[in-house]
S.K.: 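Structure incoming, see below.
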Amino acid sequence: MKRLALIGDTLVHKFIYPGHLQGFDPVLMRQLGGWMADMHADHDGTPMSPDVCLVAVASRDPSAADIARACRIERVLPDARDLSPDEVDGVLILEQDGAKHLALAAPYLAQGKFVYIDKPIALSVTDLAEMQKMALTTGARVMAGSALRYSPKLQEAAAYIKSKRPTGVTIVGPGTWYDYACHTVEALVVMLGPDIVRHTQLGSREAGTVLLEWADGLTACVLFGRRYEPLFRIHTYFTDEMKAWTIDDAAAYYRGLAQALVGAISGDQPAIAWEDAWAITRVIEEVGATYA
């Protein structure tokens, strides 16, 4: 049995992954989970795996106690720093602020524990380099990034694109640069690979347009901002056709990430793709810096 804790100051996806991994009380999930309760609508609250157990929530987030109640987690600690790495086999870092991820992860990476980091893994390549160095030194298993990677619809798009290289791609998503563009950039890396060589951007961190170019000359355009509906649209252009996908299967991709988490925690499947993480983090950092 792998014992894990949920940590962070301001938590995102806070009822989703604990609900999948630990199970949940259906009545309390409906009462407390808000929109995230909908991500469990087709499930009865049974834990995803008997080999993974969440034993604590350590967070300043006001909803920490509600997460514990709904997801049957026994301990609630008032701060992530109140949890000792010696008490667990790993952590799920659901901290919203990517700038805090390294500090939260470091004690667990230093002891070779399992660490999952919600999107984005980091806001700078300096932080990412330190995480990778620690993980490689201690053998810590790291998993991180956007749940979109596990969308069946995105996987369908990626398979089609890899079978027939496009001439251009546009992806549109909601939210600000640091909160949501990590989804769109990661989706592009899944479809087109990590060999991004340059970028050009307009707008601000709140809403903008970013043009990315790959080493082979392919370009992709990211459109982001709160003015867009809460899903992701991909348009791909080929010499003889245009294909479009709408990535709106949130319940499926959140469950897919949770299943991948179980595999990564147990060691049955690979964890992070560091090359992808470097490409995504570099774009997030460099574009974000121009919006300062």
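The residues of the chain are indexed from 1 along the displayed sequence.
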S.K.: Does a side chain donor of either Asp248 or Thr246 reach within less than 3.5 Å of an acceptor in the other side chain?
M.R.: no
S.K.: Is any side-chain heavy atom of Lys243 closer than 4.5 Å to one of Lys164?
M.R.: no
S.K.: Does the side chain of His13 come under 3.5 Å of the side chain of Asp118 through a donor N or O and an acceptor N or O?
M.R.: yes
S.K.: Do the two ring centres, one from His40 and one from Phe24, sit under 6.0 Å apart?
M.R.: yes
S.K.: Around atom CZ of Arg69, are there more than 12 heavy atoms from other residues, nucleotides or ligands closer than 6.0 Å?
M.R.: no
S.K.: Would you find a donor on one side and an acceptor on the other, under 3.5 Å apart, between the side chain of Ser124 and the backbone of Asp127?
M.R.: yes
S.K.: Please tell me whether Ser146 and His183 have a donor and an acceptor in their side chains that are separated by less than 3.5 angstrom.
M.R.: yes
S.K.: Distance from Met39 atom CE to Tyr253 atom OH, nearest 0.5 Å?
M.R.: 8.0 Å
S.K.: Answer yes if the side chains of Glu286 and His199 hold a donor-acceptor pair under 3.5 Å, and no otherwise.
M.R.: yes
S.K.: With no hydrogens and no angle check, do the side chains of Asp61 and Thr10 hold a donor and an acceptor under 3.5 Å apart?
M.R.: no
S.K.: For a 4.5 angstrom cut-off between non-hydrogen side-chain atoms, does Cys71 reach Met29?
M.R.: yes
S.K.: Are any of the side-chain nitrogens in Arg226 or Glu206 under 4.0 Å away from the carboxylate oxygens of its partner?
M.R.: yes
S.K.: Taking side chain as C-beta onward, heavy atoms only, is Asp97 less than 4.5 Å from Asp9?
M.R.: no
S.K.: Looking at Arg149 and Asp276, is there a salt bridge between them, counting it only when a charged N and a carboxylate O are closer than 4.0 Å?
M.R.: yes
S.K.: Are Phe238 and Tyr160 close enough that their ring centres sit under 6.0 Å apart?
M.R.: yes
S.K.: Should Tyr150 and Tyr254 count as side-chain neighbours, where that means a heavy-atom distance under 4.5 Å?
M.R.: no
S.K.: Are the side chains of Leu261 and Phe114 in contact, using a 4.5 Å heavy-atom criterion?
M.R.: yes
S.K.: So, do Glu229 and Pro174 sit near enough that their side-chain heavy atoms are less than 4.5 Å apart?
M.R.: no
S.K.: Any chance OH of Tyr180 has more than 12 other-residue heavy atoms, nucleotides or ligands included, within less than 6.0 Å?
M.R.: no
S.K.: Please report the interatomic distance OH(Tyr116) to CD1(Ile121), rounded to the nearest 0.5 Å.
M.R.: 10.0 Å
S.K.: Looking at side-chain heavy atoms only, is the closest gap between Ile93 and His101 below 4.5 Å?
M.R.: yes
S.K.: Are Arg75 and Glu87 ion-paired here, with the side-chain N under 4.0 Å from a carboxylate O?
M.R.: yes
S.K.: Indicate yes or no: at least one non-hydrogen side-chain atom of Ile171 is less than 4.5 angstrom from one of Trp245.
M.R.: no
